[in-house]
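What follows is a set of notes on a single structure, which appears directly below.
Letters go in sequence order (proteins before strands), and every chain restarts at 1.
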Amino acid sequence: MRNKDTTPGAGSAELAVISAKVIEWQRSHGRHQLPWQQDVTPYKVLVSELMLQQTQVATVIPYFNRWMQVFPNAEALAAAAEDEVMRLWQGLGYYARARNLQKAARYIAELGEFPATLDALLQVPGVGRYTAGAIMSFAYQQYGPIVDGNVRRLYCRLFALDGIPNTPALEKQLWAKAELLTPNHQQAHADCRSFAQGLLDLGATVCKPRQPLCELCPLAAHCQALAQNRIASLPNAKPKKTVPVKDGHFLLIRQQQKVLLVKRPGAGIWPALWCLPQPEHAPEDAELAGEFSHQFTHYKLQAKVWIAELTLQNAEQAWVDLSCLDDFGLPAPVRLYLQSILKAG
DNA sequence: GAGGCGTGGCG
DNA sequence: TCGCCAAGCCT
């Protein structure tokens, strides 16, 4: 019996048409948002993809350019001091990425060659399933399925997937679609890079979270959510969780224009960054120097800064002139607070 | 496998 | 002001 696919909108022939349309759209409409996509190297893709995790392109660009000036290759990064790595990453957030990136550079330098298969890339620190696929697609122009926030939204609409976001069940469906839809470099004329870039750009500029531009979408004829008039309700809303408020205390220990900073531990919040000392509780009989608050993804920090005298600090420490803060990697809100002191005189 | 992990932009 | 979102990964 002939193998005939009767599934509406999900046949392998239609999948091939869809991926071809993504590539064609990318070639004619796609933007080259990333200036380093000329002259691609695996190291550049690794650096940019780590920086781009949960971070928008416009934010990453200046960080990437500075990074490549200082650490032009994996060997330079492998040999760098941790403080310099953190200084260049400061302000970008999710600081474990910076530490992972240096671990990755050391791993690759030790390996002697850049990993070039999905399985080998997954062994690299900081590289997960998405990043491995992105490196295969962008750096090697080979088969590399990707599922990120853009692709998630696009596939949920295109295939009318109405699972609950952030659940293994939906993730499994999404990756299954990605593996089917992603072109293979063993096929003739496969343009794996344009497909991956096309997916990301379509998600970012057409299949947007709010007010998607379906009239401009090259996949509109294949979109099940559009056909079912469910564009506005797919993907399903993420279950929302209330973020707790936490109190935090910081010590301002000054000698004229210098403040005492301590290096934070390598795990938890703000790993390996320099920061004002943080006691468990507010010191007794201390004068309040100031306050600030900071909104994290998972909680809100209400911080009080207390004027204090020099005491023994159980951490690496440094006296830092307020005019030299750029020499250290600091948490963004702490940097803001210290800059306000400098401004006030 | 659920939760921790930053920061900035935008409606 | 507030909530959502962003080229996710690790434990």
Between [N] and [M], how many Å separate the two [atom1] atoms, rounded to a whole number?
{"N": "C:dA7", "M": "B:dG3", "atom1": "P", "result": "24 Å"}
{"N": "B:dG8", "M": "C:dC9", "atom1": "P", "result": "22 Å"}
{"N": "B:dC5", "M": "C:dC5", "atom1": "C1'", "result": "16 Å"}
{"N": "C:dG8", "M": "B:dG1", "atom1": "C1'", "result": "15 Å"}

Phosphate contact ([N] OP1 or OP2) by [X] side-chain N/O below 4.0 Å:
{"X": "A:Lys240", "N": "C:dC4", "result": "yes"}
{"X": "A:His298", "N": "B:dC5", "result": "yes"}
{"X": "A:Trp270", "N": "B:dT7", "result": "yes"}
{"X": "A:Thr59", "N": "B:dG9", "result": "no"}
{"X": "A:Arg99", "N": "C:dC10", "result": "no"}

Quiz item: Is a donor-acceptor pair below 3.5 Å formed from side chain A:Thr297 to base B:dG6, judging by atom type as modelled?
Solution: yes
Quiz item: Going by modelled atom types, is there a donor-acceptor pair between the base of B:dG8 and the side chain of A:Thr55 at under 3.5 Å?
Solution: no
Given [options], the nucleotide with the shortest approach to the side chain of [X]:
{"X": "A:Phe296", "options": "B:dG8, C:dC10, B:dG6", "answer": "B:dG6"}
{"X": "A:Asp201", "options": "C:dG8, B:dG6, C:dA7", "answer": "C:dA7"}
{"X": "A:His294", "options": "B:dC5, B:dG6, C:dG8", "answer": "B:dG6"}
{"X": "A:Pro168", "options": "C:dC5, B:dG1, B:dC5", "answer": "B:dG1"}
{"X": "A:Gln53", "options": "C:dC9, B:dC10, B:dC5", "answer": "C:dC9"}
{"X": "A:Leu52", "options": "C:dA7, C:dA6, B:dG1", "answer": "C:dA7"}
{"X": "A:Gln56", "options": "B:dG8, C:dA7, B:dC5", "answer": "B:dG8"}
{"X": "A:Asp148", "options": "C:dA7, C:dA6, B:dG8", "answer": "C:dA7"}
{"X": "A:Arg210", "options": "C:dA6, B:dG4, C:dG3", "answer": "C:dG3"}

Considering every strand and a 4.0 Å limit on heavy-atom distances, what is the contact class for [X]: base, sugar-phosphate, or nothing?
{"X": "A:Gln197", "answer": "base"}
{"X": "A:Ala134", "answer": "nothing"}
{"X": "A:Gly203", "answer": "nothing"}
{"X": "A:Leu200", "answer": "base"}
{"X": "A:Leu92", "answer": "base"}
{"X": "A:Val151", "answer": "nothing"}
{"X": "A:Ser48", "answer": "nothing"}

Rounded to whole angstrom units, what separation is found between the [atom1] atom of [X] and the [atom2] atom of [N]?
{"X": "A:Ile146", "N": "C:dG8", "atom1": "CD1", "atom2": "P", "result": "10 Å"}
{"X": "A:Lys300", "N": "C:dC2", "atom1": "NZ", "atom2": "P", "result": "6 Å"}
{"X": "A:Tyr94", "N": "C:dC9", "atom1": "OH", "atom2": "P", "result": "12 Å"}
{"X": "A:Ile164", "N": "B:dG1", "atom1": "CD1", "atom2": "C1'", "result": "15 Å"}
{"X": "A:Arg335", "N": "B:dG6", "atom1": "CZ", "atom2": "C1'", "result": "14 Å"}
{"X": "A:Leu122", "N": "C:dG8", "atom1": "CG", "atom2": "C1'", "result": "13 Å"}
{"X": "A:Tyr95", "N": "B:dG4", "atom1": "OH", "atom2": "C1'", "result": "15 Å"}
{"X": "A:Met51", "N": "C:dA7", "atom1": "CE", "atom2": "C1'", "result": "13 Å"}

Quiz prompt | A:Leu52 and A:Phe64, any side-chain heavy atoms less than 4.5 Å apart | solution =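 They are not in side-chain contact.
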Quiz item: Within a strict 4.5 Å, meaning less than it, do heavy atoms of the A:Arg335 and A:Gln90 side chains meet?
Solution: yes
Quiz item: Taking A:Glu82 as the fixed residue, which of A:Arg87, A:Lys103, A:Lys263 is the one that meets the salt bridge (Lys or Arg N to Asp or Glu O under 4.0 Å) rule?
Solution: A:Lys263
Quiz item: In the strands shown, is B:dA2 matched to any nucleotide by a Watson-Crick or G-U wobble pair with both distances under 3.5 Å, and which?
Solution: C:dT11
Quiz item: For A:Tyr95, is the NZ or CZ atom of A:Arg99 found under 6.0 angstrom from the centre of its six-membered ring and inside 45 degrees of the ring axis?
Solution: no
Exercise. Could you tell me whether A:Phe138 and A:Trp36 have their ring centroids closer than 6.0 angstrom?
Key: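 When the ring centroids of A:Phe138 and A:Trp36 are compared, they turn out to be at least 6.0 Å apart.
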Self-check item: Aromatic contact, A:Phe250 with A:Tyr337 (centres under 6.0 Å)
Solution: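 Distance test on ring centres: not under 6.0 Å, no.
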Quiz item: Any luck finding a side-chain donor-acceptor pair between A:Gln173 and A:Tyr155 under 3.5 Å?
Solution: no
Quiz item: For A:Arg193 and A:Gln26, does a side-chain donor sit closer than 3.5 Å to a side-chain acceptor?
Solution: no
Quiz item: Pick the nucleotide of DNA chain B nearest each of A:Gly91 and A:Gln211; which residue has the one closer to the 5' end?
Solution: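 Here A:Gly91 is the residue nearer the 5' end.
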Quiz prompt | Upstream residue (5' side of DNA chain B) when A:Gln295 and A:Asn166 are each assigned their closest nucleotide | solution =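 Closer to the 5' end of DNA chain B: A:Asn166.
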